[in-house]
Amino acid sequence: MPELPEVEVTRRKLEPHVLGRTIRAVLTTRPSVFFLTPPHVLRRELPGHRISVLRRFGKYLVAELDDERRLVLHLGMTGQLFAHRAAVPAILARPPSRGAPRAAPLPAPDRHTHLRLQFTDAGPEVWFRDTRKFGRVRLLARVQADPRLDKLGTDALQARGLDLFEACHRRRIPIKVLLLDQTVLAGVGNIYADEALFAAGIRPTRRACRLTRSDCDRVVAALRRIMHRSIRSGGTTVSDYLDPDQRFGRYQLALRVYGRSGEPCWHCREPVSRLVLGQRSTHFCRCCQK
DNA sequence: ACCGCACCCTGAGCGC
DNA sequence: TGCGCTCAGGGTGCGG
């Protein structure tokens, strides 16, 4: 599932395919929850405009247009952005291990390809595909605020221990649940929350208010370290994630606890435990995390 | 303000 | 073979 590292890899690889290009036509599927801006509006409004910047905020991607409107994209759980060159054979072997992606390289758009941007030049189309439709697309008017975007906390890669420590004040929820709150640190999802808490030696069930300043420093440092490593590895492919070139991530090979319940802990060899917190499966080591 | 939980959606995997 | 069930989870919104 795309969290900050996967979204950042997507941004970096998509950027050269969109910057400075002018949209010629937009193809969409039928209206659905996927479209916060109705598809017929996107088809009408986007053509003729040039994409000037592609930014990331937490797990959001924002394409700024030449008229200062913004196209806001969220990949949800199964969202994929592709730079689709016609007639170029897609790569691909199986991913190195752990979870065989359901997705295979797409030779043609299918019913899950909800948005296709075609450009005035001969370069690739950009496709937004999302089987589960937990992803979202919205076109913001000039200077129009986005309620979700504006509520995001500090980007997880920019955060300091103090940011987390202040957010933990008087919060009685498990630290794992707090880490998933996008208004606290933007970009942290289920995988990296578990991995960072393991690296910091903190049990995910511990109440947020019971973390010390030093605990928070370790969690934030671990998040930054792990996310940077993951970005360098092309992100984590657990089930569906593919980058704009339809390549799998490789960071799943480096995961220490996520998806490893019952397998031996990297440090102490005790079996990794699993429980559910905030309706999300949570993985940790009873021995190494207190 | 805080917190728990149902819900959105689809495909995979499983038992029968 | 095929049906029906459960599970996965990012984010929203509601009720207590």
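Quick note on labels: first sequence line is chain A, next is B, and so on, each numbered from 1.
Taking only side-chain atoms of Y60(A), from C-beta outward, the nucleotide of dG4(B), dA8(C), dT12(C) with the closest atom is dT12(C). Of the candidate nucleotides dA8(C), dT10(B), dC3(B), dC3(B) has the atom nearest to the side chain of R171(A). Closest to the V33(A) side chain, of the nucleotides dC9(B), dT12(C), dG11(B), is dC9(B). Which of dA8(C), dG10(C), dG4(B) sits closest to the side chain of N190(A) comes down to dG10(C).
Note on R172(A): every side-chain N or O is 4.0 Å or more away from OP1 and OP2 of dC3(B). Close to dG10(C), at under 4.0 Å from its OP1 or OP2, lies no side-chain N or O of Q182(A). In this model, the phosphate group of dG11(B) is approached by a side-chain N or O of H112(A) to a distance below 4.0 Å at OP1 or OP2. Residue R148(A) has a polar side-chain atom (N or O) positioned under 4.0 Å from OP1 or OP2 of dT12(C). Here R129(A) does not reach the OP1 or OP2 of dT10(B): none of its side-chain N or O atoms lies under 4.0 Å away. Residue K59(A) places none of its side-chain N or O atoms closer than 4.0 Å to OP1 or OP2 of dG10(C).
Atom CZ of R207(A) and atom C1' of dC2(B) are 13 Å apart (whole Å). Atom P of nucleotide dA8(C) and atom OH of Y258(A) are separated by 9 Å, given to the nearest angstrom. For the pair D130(A) CG and dG11(B) C1', the computed distance is 13 Å after rounding to whole Å. One atom, CG of L73(A), and another, P of dG10(C), lie 18 Å apart when rounded to the nearest Å. Atom NZ of K176(A) and atom C1' of dG4(B) are 16 Å apart (whole Å). The interatomic distance linking Q80(A) (CD) with dG11(B) (P) rounds to 12 Å, in whole Å. Put simply, CD on E166(A) is 18 Å from P on dA1(B), counting in whole angstrom units. Computed from coordinates, the M77(A) CE to dT12(C) C1' distance equals 15 Å when rounded to whole Å.
Note: H114(A) and F34(A) meet the aromatic proximity criterion, with ring centroids under 6.0 Å apart.
With Q289(A) contributing its side chain and L197(A) its backbone, the two residues share a donor-acceptor pair below 3.5 Å. With E195(A) contributing its side chain and R256(A) its backbone, the two residues share a donor-acceptor pair below 3.5 Å.
With a 3.5 Å ceiling on both atom-pair distances, the Watson-Crick or G-U wobble partner of dG4(C) is dC14(B).
Rounded to the nearest 0.5 Å, atoms OG (S281(A)) and NE2 (H283(A)) are 4.0 Å apart.
Put simply, the side chain of C288(A) reaches to within 4.5 Å of the side chain of C265(A), judged on heavy atoms.
Using a 4.0 Å heavy-atom cutoff across all strands shown, S32(A) reaches no nucleic acid atom at all.
At a cut-off of 3.5 angstrom, the base of dG11(C) holds at least one donor-acceptor pair with the side chain of R280(A).
For the pair K151(A) and F134(A), nearest-nucleotide mapping onto DNA chain C gives the more 5' position to F134(A).
Hydrophobic clustering, with ILVMFWY side chains joined whenever heavy atoms are under 4.5 angstrom apart, groups V188(A) together with Y251(A).
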